[in-house]
Amino acid sequence: MASYRKVLVGTDGSPSSFRAVEAAGRVAADAGAKLIMLCAYHPMSDRERARAGDQLGDLAYKVEGSTPADDALRAARDRAIAAGATDVEEVAVAGDAVDTLLALAEERGVDLLVVGNRGLNSLAGRLLGSVPANLSHRARCDVLIVRTTDGK
């Protein structure tokens, strides 16, 4: 196996994505590599922001902008460090998960992209293309697809 210097993992804060983060943390620890964690998010429209403000009042900031992504990244960081990673960077980016992961991998010269297998076995994934499938076809670096679901 190649020696990796930079490992990139995507997370959305789900239990499945945290399993991929833990695996990426172990790989980064074993290789002495930097671990970059990315959470892509879609900005809220003005209408959604107004509705959140009406319903949540002073707590609306918790669902606006990158706040949910930042929260997911903080939780992921704890898991990556517990898995052994020591050099961890968190990045929240507005946009599509596949596009932002590929762009960041290219921009930062990532050697390994880690993603969970969620979506590979679903009907929608087979018809429309899942995140792991799209990444494995389009990435210019190694891709590790971690088994994060039970396959049922």
Side-chain angles (χ1 to χ4, degrees), residues 1-44 48 52 59-152:
M1 178 164 21
S3 179
Y4 299 112
R5 297 177 322 275
K6 293 181 184 175
V7 177
L8 173 62
V9 62
T11 184
D12 60 7
S14 67
S16 174
S17 75
F18 285 154
R19 287 190 284 282
V21 165
E22 291 162 355
R26 289 189 300 271
V27 170
D30 289 347
K34 177 182 188 78
L35 177 61
I36 305 167
M37 299 183 307
L38 178 128
C39 184
Y41 66 93
H42 294 283
M44 295 177 82
E48 291 169 322
L59 298 176
Y61 75 91
K62 291 188 174 198
V63 298
E64 290 182 7
S66 67
T67 300
D70 294 335
D71 291 345
L73 286 166
R74 275 191 292 280
R77 179 184 190 84
D78 292 341
R79 291 172 183 265
I81 290 171
T86 56
D87 185 3
V88 181
E89 179 183 354
E90 303 161 36
V91 180
V93 178
D96 172 74
V98 171
D99 293 337
T100 58
L101 282 164
L102 291 170
L104 191 63
E106 191 73 22
E107 175 185 311
R108 300 284 182 90
V110 166
D111 306 304
L112 178 66
L113 180 54
V114 179
V115 66
N117 71 319
R118 185 172 159 198
L120 280 176
N121 295 323
S122 70
L123 177 60
R126 287 192 297 273
L127 294 175
L128 303 174
S130 66
V131 169
N134 282 328
L135 288 172
S136 69
H137 293 315
R138 296 174 52 196
R140 294 184 181 186
C141 62
D142 290 352
V143 177
L144 172 62
I145 300 175
V146 178
R147 183 160 200 73
T148 61
T149 61
D150 61 10
K152 293 181 183 177

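Residue numbers start at 1 and run along the sequence shown.
For R77, the side chain to side chain donor-acceptor pair (under 3.5 Å) test picks out E90, with sequence neighbours left out. For A40, the side chain to side chain contact (heavy atoms under 4.5 Å, CB included) partners two or more places apart in sequence, or in a different chain, are L38, A97, T100.
Contact of the R140 side chain with the L113 side chain is not registered, since no non-hydrogen atoms from C-beta on lie closer than 4.5 Å. Taking 4.5 Å as the limit, every side-chain heavy atom of V27 sits out of range of all side-chain heavy atoms of V114. Under the 4.5 Å side-chain criterion, counting only non-hydrogen atoms from C-beta, L104 is not in contact with V93. Side-chain contact check for I36 versus R108: some heavy-atom pair is nearer than 4.5 Å.
C39 SG to L101 CG: the interatomic distance, rounded to the nearest 0.5 Å, is 9.5 Å. Once rounded to the nearest 0.5 Å, the distance linking CG of D30 with OG of S3 reads 10.5 Å. Distance check: L112 CG to L35 CG gives 10.0 Å after rounding to the nearest 0.5 Å.
Taking every heavy atom of both residues into account, A23 and V146 meet most closely at CB-CG2, 3.7 Å. Taking each heavy atom of T148 and S16 in turn, the nearest pair found is OG1-OG, 2.7 Å. Minimum interatomic distance between G10 and S17 (heavy atoms only, all atoms of both residues): O-CB, 4.3 Å. Shortest non-hydrogen contact noted between A33 and Y4 is CB-O, 3.2 Å. Of all heavy-atom pairs between D111 and R5, the closest is OD2-N, 2.6 Å. In plain terms, the two heavy atoms of A29 and G84 that are nearest each other are CB-O, 3.2 Å.
Of the candidates M37, K34, K6, E89 forms a side chain to side chain contact (heavy atoms under 4.5 Å, CB included) with just one, namely K34.
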